[in-house]
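Taking it in order: structure first as structure tokens, then the write-up.
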Amino acid sequence: MPQHDVLVIGGGLAGMRAAYKAKSLGADVALLSKVYPTRSHSAAAQGGIQAAMTSEDSWETHAFDTVKGSDYLGDQDAIEILCREALDDIIELEHLGVIFNRTPEGRIDARAFGGTSYKRTCFVADQTGQVLLHVMWEQLVGLNVKSYEEWFVTHLIVEDGRCAGCVALEIPTGRLEVFRARAVVLCTGGLGQVYQPSTNGLAVTADGLALAYRAGATLMDMEMVQHHPTTLKSNGVLITEGARGEGAFLINSKGERFMEKYAPKMKDLASRDVVSRSETIEIREGRGMDGCVLLDLRHLGPEVVFKKLSQIHELARDYANVDVLKEPLPIRPGYHYLMGGVKTDVDGRTWDASGGRRWQGVEGLFAAGECANVSVHGGNRLGGNSLMDTVVYGRRSGAAAVGYARSVDWVAVNEDAYKEQERRKIKAIFDKPPGLRAADLRQEMGTAMDDGIAVFRDEESMGNALRTVRSLKEKSSSVSVHNKGHVFNTDLLSVLEMGYMLDVAEVVGVSALNRKESRGAHARTDYPERNDAEWLKHTLVSWTPEGPRLDYLPVTLTRWEPQRRTY
Ligand SMILES: Cc1cc2nc3c(=O)[nH]c(=O)nc-3n(C[C@H](O)[C@H](O)[C@H](O)COP(=O)(O)OP(=O)(O)OC[C@H]3O[C@@H](n4cnc5c(N)ncnc54)[C@H](O)[C@@H]3O)c2cc1C
């Protein structure tokens with residue numbers, strides 16, 4: 001049985017950052033990932049990473065922009081840490097080898113992004129995530145960090161209230177193995193495929209969220225899902241906010257720059273929830289074209305487009321048959337990001353280490369990155385803040401996991417019993433008679449979620465989505481597989497992923513229906529106003545045999561009192 005002091009599950013930017021920190025502190029750490037680590041969704045990040053690097057800017061302004069962007073649902077202690085520590089992290093990343101774009105004077109360049117007071121988004125052309133991930137991977141390889149690639153986690157082991165490792169399946173062989181650890185850091189990313197269409201990669205299937213939820217951790221603010229204003233209609237592919245950051249703007253079918261009406265000051269660079277709502281109103285009121293509005297880049301010219309947005313030029317040409325230098329590009333809001341996640345403190349602990357019992361968690365289990373909710377994004381994330389979240393809180397979680405691992409003994413784990421339990425689970429799937437396929441459920445769930453719990457929502461639309469998810473959950477017990485082999489059985493994996501996604505979709509539905517106000521991405525047409533008196537609080541959901549249980553936690557305010565939010 002492999003064992004490590006610290007086991008990091010997930011090879012995206014958060015996982016690599018956690019593993020790098022743990023290894024730098026001298027710990028025995030391993031990274032385990034279902035996809036080859038550099039293929040994680042982090043590699044798809046285009047626009048950039050936020051840090052207040054310019055002289056007119058400050059971390060305090062970055063923090064205020066983030067608090068306001070979150071519609072005051074973000075925890076301000078966590079936001080202060082994010083924005084303060086971002087500065088040193090950018091320098092460290094640069095020293096490790098990230099070739100950020102530079103100004104003519106040789107300083108790290110920054111572009112404008114939505115909802116920010118200054119140009120603050122550091123970038124490597126429109127391939128920022130790819131470069132960050134490859135540089136971190138190079139470092140891990142250099143440090144000889146043990147990496148288990150193409151291992152799929154099926155179960156988190158909890159013994160005596162402590163997380164003691166996991167059971168995983170080796171994808172190329174189908175072998176089951178128990179991994180023992182003193183501390184586990186969960187960095188498994190978001191729930192992207194719960195929605196169709198989605199900007200997220202096919203492997204983003206809510207696994208860690210469901211594993212942690214089933215193991216006893218708390219999911220927080222799961223109603224807060226972000227629709228990005230600029231995605232392609234045909235397949236959900238993302239067109240980075242960096243395009244508007246470089247000066248592109250939105251127009252409707254009459255050629256009007258409609259954002260001037262909805263956000264007179266920040267216009268096209270208002271925060272994402274605001275822009276997505278404005279686009280949806282334009283489309284619904286008949287000023288769209290074929291369910292889209294238009295993103296106009298023509299005036300930027302080849303110099304800017306080829307130097308800073310070359311990938312966008314290619315994506316538009318390949319997927320929409322549009323040359324952005326010659327004609328505007330049809331785009332619309334599409335599912336993009338989960339603000340909610342596994343509730344953690346500012347060191348990634350999923351349990352309440354203060355000695356109180358303010359929320360339910362699992363000792364020894366840490367979480368960071370998109371699967372976690374330390375609550376820096378609250379009701380709406382600012383572009384560029386997610387990569388920084390993975391870097392700052394990945395590092396902090398890695399360090400805290402080492403500290404924890406050194407303070408505790410090994411927990412005994414019955415290896416054979418856990419393997420047998422998972423073997424039986426898989427056999428039950430193989431034994432199902434031919435019938436329903438996971439792909440059928442996936443499409444139905446994705447469409448229902450995007451119809452019911454998207455840019456605008458109300459009691460009826462959310463109720464419909466939740467009912468569909470619950471009926472699919474019942475049907476899912478009869479889903480079968482064609483492939484009953486052991487080598488690269490993606491048919492089997494998609495059944496397991498479907499189970500994760502349905503559990504998490506149900507939590508999104510329950511959380512959304514419950515919040516009776518509008519805040520950030522949660523825009524209810526039946527409760528159109530923000531209601532601080534009753535709803536300035538986090539939604540907590542924990543697993544029970546009867547279904548999801550709801551609780552609440554106050555939002556941490558430090559120096560910014562809630563104000564009216566306009567852009
Ligand atoms: C198209 C796109 C563009 C974006 N652009 C930006 C941007 O410009 N700036 C910004 O700040 N943010 C951006 N984001 C958001 C940001 O990229 C992500 O939130 C962030 O990279 C998530 O990193 P992560 O490490 O948490 O997860 P991921 O990078 O998604 O990695 C998850 C890891 O978990 C592993 N895993 C999952 N389930 C299992 C399992 N069952 N067993 C084993 N391993 C498992 C996977 O193999 C993978 O390695 C973008 C997102 C998308 C989709």
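Both ligands and their constituent atoms are indexed starting at 1 by order of listing.
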**Message:** According to side chain to side chain donor-acceptor pair (under 3.5 Å), who are the partners of Asp109, at least two apart in sequence or on a separate chain?
**Reply:** none

**Message:** Is a donor from one side chain sitting under 3.5 angstrom from an acceptor on the other, for His227 and Tyr337?
**Reply:** no

**Prompt:** Between Arg214 and Trp543, is NZ or CZ placed under 6.0 angstrom from the six-membered ring centre and within 45° of the ring axis?
**Reply:** no

**Prompt:** With a 4.0 Å cut-off, would you call Asp28 and Lys146 a salt bridge?
**Reply:** no

**Asked** Does the side chain of Asn385 pick up a donor-acceptor pair with the side chain of Thr66 at under 3.5 Å?
**Response** yes

**Asked** Does the side chain of Asn373 come under 3.5 Å of the side chain of His538 through a donor N or O and an acceptor N or O?
**Response** no

**Fill in**
Using heavy atoms and a strict 4.0 Å limit, residues surrounding ligand 1 turn out to be Gly10, Gly11, Gly12, Leu13, Ala14, Leu32, Ser33, Lys34, Val35, Ser40, His41, Ser42, Ala44, Ala45, Gln46, Gly47, Gly48, Trp151, Phe152, Val153, Cys187, Thr188, Gly189, Thr199, Asn200, Asp207, Leu238, His336, Tyr337, Gly369, Glu370, Arg381, Gly384, Asn385, Ser386, Leu387, Thr390

